[in-house]
Amino acid sequence: MSVLVVGMSHKSAPIDVLEHASLDSEAAVKLSHLVLDAPYVSESVVISTCNRVEIYVEAERFHGAVEEVSRLLAELSGLDRDEFVRHVYVHFDEAAVAHLFGVAAGMDSMILGESQILGQVRDALHSAQAESTVGSALNALFQQALRIGKRGHAETGIDRLAPSIVTAGLDAAGAAVDAADTRFLVAGAGTMASLAVRTLIDRGVEPHRIMVANRTYERAHNLVATFGVSAVRWQAMDVELAAADVLISCTGASGVVFDRDRIVTARGGRPTSLIDLALPRDIDPAVRELDNVDLVDLMVLSQLAANAELADDVAQVRTIVESEVRTFLAAKAASHITPTVVALRTMATEIVASEQARIESRLPNLTDAERADVRKALHRVAEKLIHAPTVRVQQLIDGPEDLTYADALADLFALDQSRVDAVTRSGETS
């Protein structure tokens, strides 16, 4: 079994294609179950963010799994096959591990090194755990990815280079955001909206200047209780839109929420800063044609990020990721070897006991000391026979990828596969 990832991100596809491929939480859960029902797949986790959608699976066969997983993602996204194939990427085994570790560390993000992805990876894992689509293999992989992401931020200065998407959007919006009397309207009440409100308050914006609107008023009110901001019902949002200087939209809706006419009606000719952090987009790009309207969306942010310079801190994080990939793969290989080695030693112990009993039955007049000497001799012979192979198999863990040393060892000593399986099951339940 090996890990496989099929995905699409801002690096492989333009924003308008990502809009089609993006999944809300309900669709992500649906995809994880559909993938789990596919042949050769035993576990699945779906990461869906504003700039990526990725499906991680534990797969028995590469070709069969990648074909089925790709088909399911293409169908759910509504993209035709040619469009999908042009923008999708596939990573397998070591490359898949390295990719996830890089994602968690912020090295594959639109805003290089941003920390928001850590929460999104954690949410994906928690969702898979709640839906019972993840098992021991992907759980261990994702837990390690989260630790690596934290380590990168703790051991390097990546934080000063890597604002969140929200911070980058506010910075790109310019002076209007930081004016002392600016009024803000945040549309949405999910994770991104919560981050937006928190970021505004951290930047010194007083809570009474922040209004939150959401289709479910209770969720908006949760942000009121948490941050002391104000809430407005969705139906009355246009009144607040007319009074706000900055709109931050991150609703998770399936289509445009603020079209050109709505902005014109609510804002008239007043200067307005619009920050669209949603995918699919909440704000019609056509509003750029309006006078006194400044729109910052993921398209703008991706262009700004492309011009960002790398730093020594980024190189340090990449070194951490590379080291952790090697460590994780070595530990994984060792875990596969252990049941075979244990089964071998168990078989040797049983043979020694059997031979001891046979000798004692044929030589009933042996003294206790002689019996002890025979037992020790048999144990020494068994240990000498199995010592070199078991040491060698541990040393060969990092050997050629195409060789399966555990299988070779089992075959060499004619081990009953049921013994190895029994040890594996015992380890999983202990």
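On a predicted model such as this, the values are computed, not experimentally measured, just so you know. Hydrogens, waters and symmetry mates are skipped; everything else that's a heavy atom, side chains included, is used.
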What residues, two or more places apart in sequence or in another chain, satisfy salt bridge (charged side-chain N to carboxylate O under 4.0 Å, His left out) together with Asp108? Lys11, Arg52

What residues form a salt bridge (charged side-chain N to carboxylate O under 4.0 Å, His left out) with Glu83, not counting sequence neighbours? Arg86

Residue pair Glu155 / Gln316, side-chain donor-acceptor N/O under 3.5 Å: no

Answer with yes or no whether the side chains of Tyr89 and Glu54 bring together a donor and an acceptor at under 3.5 Å. yes

Applying ring-ring contact (aromatic ring centres under 6.0 Å, His included), name anything that partners His10, two or more places apart in sequence or on another chain. none

Considering the options Val197, Val246, Leu247, which one meets the side chain to side chain contact (heavy atoms under 4.5 Å, CB included) requirement together with Val186? Val197

Side chain of Arg270, backbone of Ala242: donor and acceptor closer than 3.5 Å? yes

Check the pair Tyr40, Phe62 against ring-ring contact (aromatic ring centres under 6.0 Å, His included), reporting the backbone distance first and the verdict last. CA-CA 8 Å; Tyr40 318 121; Phe62 170 75; over 10 Å; no

Before giving the answer on side-chain contact (heavy atoms from CB on, under 4.5 Å), spell out for Met192 and Val166 the whole-Å C-alpha distance, their side-chain angles and the decisive distance to 0.1 Å. CA-CA 8 Å; Met192 186 72 79; Val166 173; 3.8 Å; yes

When you look at CZ of Arg198, are more than 12 heavy atoms from neighbouring residues, nucleotides or ligands closer to it than 6.0 Å? no

Test your reading of the model: is there a side-chain donor-acceptor pair from Ser77 to the backbone of Leu73, 3.5 Å cut-off? yes

Heavy-atom closest pair, residues Ala266 and Leu241: CB-CD2, 3.5 Å

Atom pairs and distances, side-chain donor-acceptor, residues 274-281, under 3.5 Å, sequence neighbours left out:
residue : atom : partner : partner atom : Å
Asp276  : OD1  : Ala278  : N            : 3.1
Asp276  : OD1  : Asp282  : N            : 3.3
Asp276  : OD2  : Asp282  : N            : 3.0
Asp276  : OD2  : Ile283  : N            : 2.8

Run the side-chain donor-acceptor check on residues 22-37: report pairs under 3.5 Å with partners two or more places apart or on a different chain.
residue : atom : partner : partner atom : Å
Ser22   : OG   : Glu19   : O            : 3.0
Asp24   : OD1  : Glu26   : N            : 3.3
Asp24   : OD1  : Ala27   : N            : 2.7
Ser32   : OG   : Val29   : O            : 2.6
His33   : NE2  : Glu131  : OE1          : 2.8

Hits for salt bridge (charged side-chain N to carboxylate O under 4.0 Å, His left out) against Glu75, two or more places apart or cross-chain, chain-then-number order -> Arg71

Could you work out, with ring-ring contact (aromatic ring centres under 6.0 Å, His included) as the rule, every residue matching Phe84, not counting sequence neighbours? none

Between Thr251 (side chain only) and Ala187 (backbone N and O only), is there a donor and an acceptor less than 3.5 Å apart? no

Check side-chain contact (heavy atoms from CB on, under 4.5 Å) between Ala124 and all other residues, then give those that pass, not counting sequence neighbours. Val45, Ile47

Checking His87 now: which residues fulfil ring-ring contact (aromatic ring centres under 6.0 Å, His included) with it, not counting sequence neighbours? none

Sequence neighbours left out, what passes side chain to side chain donor-acceptor pair (under 3.5 Å) with Arg209? Give chain and number order. none

By side chain to side chain donor-acceptor pair (under 3.5 Å), which residues pair with Arg183, not counting sequence neighbours? Glu240

Could you tell me whether the side chain of Thr199 and the main chain of Leu195 form a donor-acceptor pair under 3.5 Å? yes

Within the distance-only criterion (no hydrogens, no angle test), does the side chain of Glu43 pair as donor or acceptor with the backbone N or O of Gly135 below 3.5 angstrom? yes

Could you please spell out the steps behind the side-chain hydrogen bond (donor to acceptor under 3.5 Å, both in side chains) verdict for Glu114 and Ser109? CA-CA 7 Å; Glu114 58 97 6; Ser109 295; 3.0 Å; yes

Step through the shown structure and confirm whether more than 12 heavy atoms of other residues, nucleotides or ligands are within 6.0 Å of CZ on Arg81. no

Donor-acceptor pairs are to be reported for all side-chain atoms of residues 211-231 against protein atoms at under 3.5 Å, with residues two or more places apart or in another chain.
residue : atom : partner : partner atom : Å
Asn214  : OD1  : Ala189  : N            : 3.3
Asn214  : ND2  : Thr216  : O            : 3.1
Thr226  : OG1  : Asn222  : O            : 2.9

Is a side-chain donor or acceptor of Asp297 paired with a backbone partner of Val300 at a separation under 3.5 angstrom? yes

Could you tell me whether the side chain of Thr265 and the main chain of Asp261 form a donor-acceptor pair under 3.5 Å? yes

Could you tell me which non-hydrogen atom of Ala98 sits nearest to which non-hydrogen atom of Val325, and how far apart they are? CA-CG2, 3.6 Å

